[in-house]
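Working notes for the structure below.
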Amino acid sequence: MRRIIYATILFLFYACHKSFDIPANQVVLHGAAPIMLVYDTTKINLTDYFEYPEKIKEIIPPDHVQVVMNEEQMSILLILSEKTGITGRIRFTFEDYNYDVPVFRKNNIDVEVFPLIITDKIVGDTLYLKSRHPVTEWIAYVQNYKLIEPFIVASDNHVGIIIPEILSVLPQAKLCVWALNSTGTSNIISIPLEQGKVVVEPDNPEPVFARPSSDVYDCAIRVFPDPQKSFIQLDRSLRKFFQHEGISEIVSGTSGDRYRPEIIAYANGVVGIDKTCELSGKINKAKNAYDKLFQLLVFNATIPSCLGQYYRAEGDDVQVGDRYIYFAGQNGKDTIFRERCNDLNDLKHNSMPLMYGDFIPLRIEDHIYAYLRSYFGKSVVVVFNKKAEKVTLKLDLPEVKRDSTFRSLFHSRFSYNNSKLILDVPAHGAEIVYN
C-alpha cells in the first residue's frame, strides 16, 4: 500500500513539475537563497544570481509584483502592490530550464512567536524538523524547484519532508526549508544531499572564503575588546542581518575576510596586523589581548557561515582567511593560542552543525552570550564570558533526539543530562561543548 501511495505522489509531483528536470550544473549562483522584499521597490542585480544574465529568456515575477527590466545595468526592479503576499517566487527561464528563487516580504519580527526551526531526525527517506512556535506554512526547495504538498507532511509545529527519488541521480543537491507565520519568515535550514541522501558526515570540503556582513563585523570588533559593550548589541546585529537577508548561510568568517589582511586591529588598538600580516609585538603587553582576540575567532568560526577553514596554525603561524599571522616571538601564550586555533579549525572543518546547522540563542546578557548550532542529533554549544571571573552556566537545550556523549573543546568542566547543560566558562574566555 505504501508503495502505491508513494508512486502516486511521484506521479503527481512530476505531473505538476513538467520542467522538473534538474540540470547537473546549477547556473543560479546562490541556489535558493531568497530575495527579501524590504521596501516598496527592490532592485535585484541579475549578476548576483547568474554569471551570464544575458542568457535569461523570460522573467515571471510573484503574484501582484511588477517587474521592470534594465538591460543596460543587467538588473530588475520588483515593485510591490497592496495585494503582494508575504511569500512567492520569481521564475527565470535560462536556456532550456526554469529556475525558481523564493521571494519573501519582510514583516515586523516578534521574537516571542518567531517561527524558529531546528533539525530533528531522519527516518528512511524522510527528514523531520520542528519549530519552537506556531507555523502556518512550511516551504521547501530542492535546488531551485519548490516541493509540492505531498512531499511536505506538516503536523502542528513539526514537518516531515520526503526526499524525491529523482534526486538520486544527482551527485549533489541542496534542500532549503523555511517556516512562516504571521510574524514573518523563519531561519533557513540548508541540508546537503548526495544522490538523494542527507549528508550526515563532513566530506572534506575545500576552503571557501567570502566577504562578510560589514555590520556584523563592525559590531563584533566593538563588542569583544570593550568590556562596556554588550553582547545584547551583537545578538541584535546578528538577528537584524539574518532577518534582512532571509537567514541564509551567507555570513562569512568576519575577521577571516581575505580582502582585508589588516582587519585585526584589535584590543583597543594595541594588537594589530599590518599589511603583511605581521602580528604586533605589543600583544603581550595588552591586558587580556589574547583572550579578546580568541573570542573573536571563536565567534567567526561558529556563526552561520560559508564553508571554509578560517584559522589554521602551521608551525609558528596562524592562518586567517587565506593569509597567515606570523608570530615574531615565542612564549607560552603564543603556543596556547596556536594550539587552540588548530583545535578550533579542526572542529569547524569536521562539524556538520557548524557547516549546515541551525542557530539558536540560548543566553543573551551584557557579558554572557551562548548559542546552539545543531544538525540532526549533532550539537555544538558556544559560550562567551566577558566577565573578569569564571562563571558557571545552566543552559536548556531544545528537546530533540541527540547523542548524549559530549566533550569540551577547551577542556572546561561541564555536565550534560536530558537536554540540560551545566558548564564553567573561564574569565574573558570562550568554550565549545559538542557531541
Output every pair passing salt bridge (Lys or Arg N to Asp or Glu O under 4.0 Å) with a member in residues 350-369, not counting sequence neighbours, ordered by first then second residue.
R363-E365

Rounded distance (nearest 0.5 Å) linking atom CG of L421 with atom OG of S415:
7.0 Å

Reported CG-to-CZ distance for the pair N300 and F224, which is rounded to 0.5 angstrom:
7.5 Å

Hey, do the aromatic rings of Y356 and F376 have their centres closer than 6.0 Å?
no

Under the salt bridge (Lys or Arg N to Asp or Glu O under 4.0 Å) rule, what do K55 and D96 come out as? Steps first, then yes or no, please.
CA-CA 10 Å; K55 294 184 179 181; D96 296 326; over 6 Å; no

Work out which heavy atom in V65 is nearest to a heavy atom in P61; give both atom names and the distance.
O-CG, 3.3 Å

Identify the residue among V159, I188, N187 that makes a side-chain contact (heavy atoms from CB on, under 4.5 Å) with I117.
N187

Distance alone, cut at 3.5 Å: any donor-acceptor contact between the side chains of E399 and S419?
no

Taking the six-membered ring for Trp, are F231 and F384 parallel (under 30°), tilted (30 to 60°) or perpendicular (over 60°)?
tilted

F406 ring center within less than 6.0 Å of Y434 ring center
no

For T392 and D424, what are the C-alpha separation, side-chain angles and deciding distance, and is it a side chain to side chain donor-acceptor pair (under 3.5 Å)?
CA-CA 4 Å; T392 300; D424 293 337; 2.6 Å; yes

What verdict does the side chain to side chain contact (heavy atoms under 4.5 Å, CB included) test give for I118 and K130, after you've listed the backbone C-alpha separation in whole Å, the side-chain angles of each residue and the deciding distance to 0.1 Å?
CA-CA 6 Å; I118 59 176; K130 60 193 301 185; 3.5 Å; yes

Nearest atoms (heavy-atom pairs only) where Q73 meets K43
OE1-NZ, 3.2 Å

Within-4.5 Å side-chain heavy-atom neighbours: F151 and I163
no

Is the Y369-Y371 ring centre distance short of 6.0 angstrom?
yes

Check step by step if side chain to side chain contact (heavy atoms under 4.5 Å, CB included) holds for I432 and V298.
CA-CA 9 Å; I432 298 176; V298 171; 4.0 Å; yes

Find out whether I90 and I59 are in side-chain contact, i.e. whether some heavy atom of one side chain is under 4.5 Å from a heavy atom of the other.
yes

Do side-chain atoms of K292 reach the backbone of P225 as a donor and acceptor pair under 3.5 angstrom?
yes

So among Y99, Y97, F50, Y52, which one has a ring-ring contact (aromatic ring centres under 6.0 Å, His included) with F92?
F50

Using the rule given for side chain to side chain donor-acceptor pair (under 3.5 Å), can you reason through S168 versus Q195, listing the C-alpha separation, both sets of side-chain angles and the distance that settles it, and then say yes or no?
CA-CA 4 Å; S168 62; Q195 295 181 325; over 6 Å; no

Is the backbone of L129 close enough, under 3.5 Å, to the side chain of T119 for a donor and an acceptor to pair up by distance?
no

Should M352 and M355 count as side-chain neighbours, where that means a heavy-atom distance under 4.5 Å?
yes

Hey, is the main chain of G429 close enough, under 3.5 Å, to the side chain of D291 for a donor-acceptor pair?
no

Determine, step by step, whether T93 and N98 satisfy the side chain to side chain donor-acceptor pair (under 3.5 Å) criterion, reporting the C-alpha distance in whole Å, the side-chain angles of both residues, the deciding distance to 0.1 Å, and the verdict.
CA-CA 4 Å; T93 302; N98 292 327; 2.9 Å; yes

Minimal non-hydrogen separation, P353 against R373, with atom names
O-NH2, 3.1 Å

Have a look at I161 and tell me which of I189, D125, L147 forms a side-chain contact (heavy atoms from CB on, under 4.5 Å) with it.
L147

Does atom CD of E137 have more than 12 heavy-atom neighbours, drawn from other residues, nucleotides or ligands, at distances under 6.0 Å?
yes

Counting N and O atoms only, with roles assigned by atom type, does the side chain of T84 sit under 3.5 Å from a partner on the main chain of S81, one being a donor and the other an acceptor?
yes

For a 4.5 angstrom cut-off between non-hydrogen side-chain atoms, does S131 reach W138?
yes

Measuring only between side-chain heavy atoms, which start at C-beta, is H133 closer than 4.5 Å to S186?
no

Walk me through it: do L395 and I422 pass the test side chain to side chain contact (heavy atoms under 4.5 Å, CB included)?
CA-CA 6 Å; L395 302 173; I422 302 175; over 6 Å; no

Rounded distance (nearest 0.5 Å) linking atom CZ of R222 with atom OG of S230
12.0 Å

Nearest atoms (heavy-atom pairs only) where S379 meets S374
OG-CB, 4.0 Å

Grab the two heavy atoms, one from A140 and one from V177, that are nearest each other, plus how far apart they are.
CB-CG2, 4.2 Å

Atom pair CG (L170) and CD (Q172), whose distance is rounded to the nearest 0.5 Å:
10.0 Å

Measuring from atom CH2 of W178 to atom OG of S190, what distance do you get when rounded to the nearest 0.5 angstrom?
8.5 Å

Kindly indicate whether the side chain of K386, heavy atoms from C-beta on, has any atom under 4.5 Å from the side chain of Q295.
yes

Which heavy-atom pair separates F299 from A220 by the least distance, and what is that distance?
CE2-CB, 4.0 Å

Would you say CD of E54 has more than 12 non-hydrogen atoms from neighbouring residues, nucleotides or ligands within 6.0 angstrom?
yes

Between R340 and F410, is NZ or CZ placed under 6.0 angstrom from the six-membered ring centre and within 45° of the ring axis?
yes

Tell me, with the steps shown, if E51 and V28 meet side chain to side chain contact (heavy atoms under 4.5 Å, CB included).
CA-CA 8 Å; E51 186 174 0; V28 182; over 6 Å; no

Salt bridge check: are R89 and D100 linked by an N-O gap of less than 4.0 Å?
yes

So, do T41 and L80 sit near enough that their side-chain heavy atoms are less than 4.5 Å apart?
no

Find the distance between SG (C219) and CG (L234) and round it off to the nearest 0.5 Å.
5.0 Å

Flag side-chain contact, heavy atom, 4.5 Å: K174 against I191:
no

